[in-house]
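Working notes for the structure below.
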2 protein chains.
Amino acid sequence: MQIMEWLREPEKNFPPHKTIKHFNDGVCATYIQEKAELSQSTISTYLSNMEKCGLLIMTRHGKWSYFKRNEAVITDFAKYLL
Amino acid sequence: MQIMEWLREPEKNFPPHKTIKHFNDGVCATYIQEKAELSQSTISTYLSNMEKCGLLIMTRHGKWSYFKRNEAVITDFAKYLL
DNA sequence: TGCAAATATCTAAAATTATCGATATGAGTG
DNA sequence: CACTCATATCGATAATTTTAGATATTTGCA
């Protein structure tokens with residue numbers, strides 16, 4: 001939940017990436033891990049699971065994995081609750 | 001989640017109560033328990049927790065506890081996810 | 001008042017989840 | 001192609017959740 005909130009406003013919650021300046025594909029895993037203060041393996045598993053279940057969209061840029069919210073899926077889920 | 005879905009349409013998912021004919025206050029705990037096929041204590045705990053956290057509204061009618069969805073809270077939660 | 005029905009609470013076990021350290025894999029770079 | 005950084009996977013353990021049986025409480029009714 002916390003990660004999903006952070007990713008709603010990447011610019012406000014994360015520093016700009018050293019090589020990729022925009023947030024078009026979201027935030028790289030390392031920054032999320034640092035902010036979450038959980039181990040690398042834990043965050044990697046989280047992000048991977050969240051991507052598998054459709055909540056996040058992952059994009060590889062070289063050695064970095066970027067994650068952003070999958071708004072379409074989130075909207076559908078929110079509607080389903082009603 | 002399943003219970004929340006059932007309670008979206010009480011008339012379609014539960015029999016009418018023997019003494020109280022309408023579904024204004026939702027469904028009595030026993031019917032939910034029977035449909036869920038879980039023990040009485042389990043369902044009682046579920047419903048109580050769901051009520052405590054605001055998802056359900058409980059109404060006592062004599063010896064029966066009725067439960068219905070708290071649509072306001074559900075709507076707020078759905079919005080929060082977006 | 002005493003019994004029965006409906007629900008609530010307590011305690012404990014089995015199952016699942018959260019989390020990490022160690023290790024493996026993938027990718028860029030001199 | 002060796003080295004390093006970023007991420008992924010594996011295996012294990014601690015913590016939490018799920019669930020039930022036993023028991024307690026509440027309420028209506030004979």
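Below, chains carry the letters A, B, ... as their sequence lines are ordered, and counting in each starts from 1.
For B/Lys12, the side-chain hydrogen bond (donor to acceptor under 3.5 Å, both in side chains) test picks out B/Glu9, with sequence neighbours left out. Considering only residues two or more places apart in sequence or on other chains, A/Asn49 meets the side-chain contact (heavy atoms from CB on, under 4.5 Å) condition with A/Thr45, A/Lys52. Annotation: side-chain hydrogen bond (donor to acceptor under 3.5 Å, both in side chains) contacts of A/Glu5 (sequence neighbours excluded): B/Tyr80. With sequence neighbours excluded, no residue forms a side-chain hydrogen bond (donor to acceptor under 3.5 Å, both in side chains) with B/Ser44. For B/Thr75, the side-chain contact (heavy atoms from CB on, under 4.5 Å) test picks out A/Leu82, B/Lys79, with sequence neighbours left out.
With rounding to whole Å, B/Leu38 atom CG is found 15 Å from C/dA15 atom P. The distance from atom CE of B/Met1 to atom P of D/dT18 is 13 Å, rounded to the nearest whole Å. Per the geometry, CD belonging to A/Glu37 stands 19 Å off P belonging to C/dA18, to the nearest Å. Rounded to a whole Å, the CD atom of B/Glu34 is 14 Å from the C1' atom of C/dT7. Whole-Å rounding puts the B/Leu56 CG to C/dA8 P distance at 12 Å. Nucleotide C/dA5 holds its P atom 21 Å from the CD1 atom of B/Ile43, rounded to whole Å.
Residue side chain B/Thr42 reaches the base of D/dA20 through a donor-acceptor N/O pair under 3.5 Å, judged by distance alone.
A/Met4 is not connected to A/Ile57 by any chain of hydrophobic side-chain contacts under 4.5 Å among Ile, Leu, Val, Met, Phe, Trp and Tyr, and they are in different clusters.
Sorted by first then second residue, the salt bridge (charged side-chain N to carboxylate O under 4.0 Å, His left out) pairs that include residues 56-74 of chain A, not counting sequence neighbours, are A/Arg69-A/Glu71. Sorted by first and then second residue, the side-chain hydrogen bond (donor to acceptor under 3.5 Å, both in side chains) pairs involving residues 25-37 of chain A (not counting sequence neighbours) are A/Asp25-A/His61.
Looking at every heavy atom in both residues, B/Ala29 comes nearest to B/Phe67 through CB-CE1, 4.1 Å.
DNA chain D is contacted by no residue of residues 5-13 of chain A, taking any non-hydrogen atom closer than 4.0 Å.
Judged by closest nucleotide on DNA chain C, A/Ser39 is the one of A/Gly62 and A/Ser39 placed further toward the 5' end.
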**Q.** Where protein sits on nucleotides 1-8 of chain D, one letter per nucleotide: B base, S sugar-phosphate only, - none, heavy atoms under 4.0 Å
**A.** ----BSBB

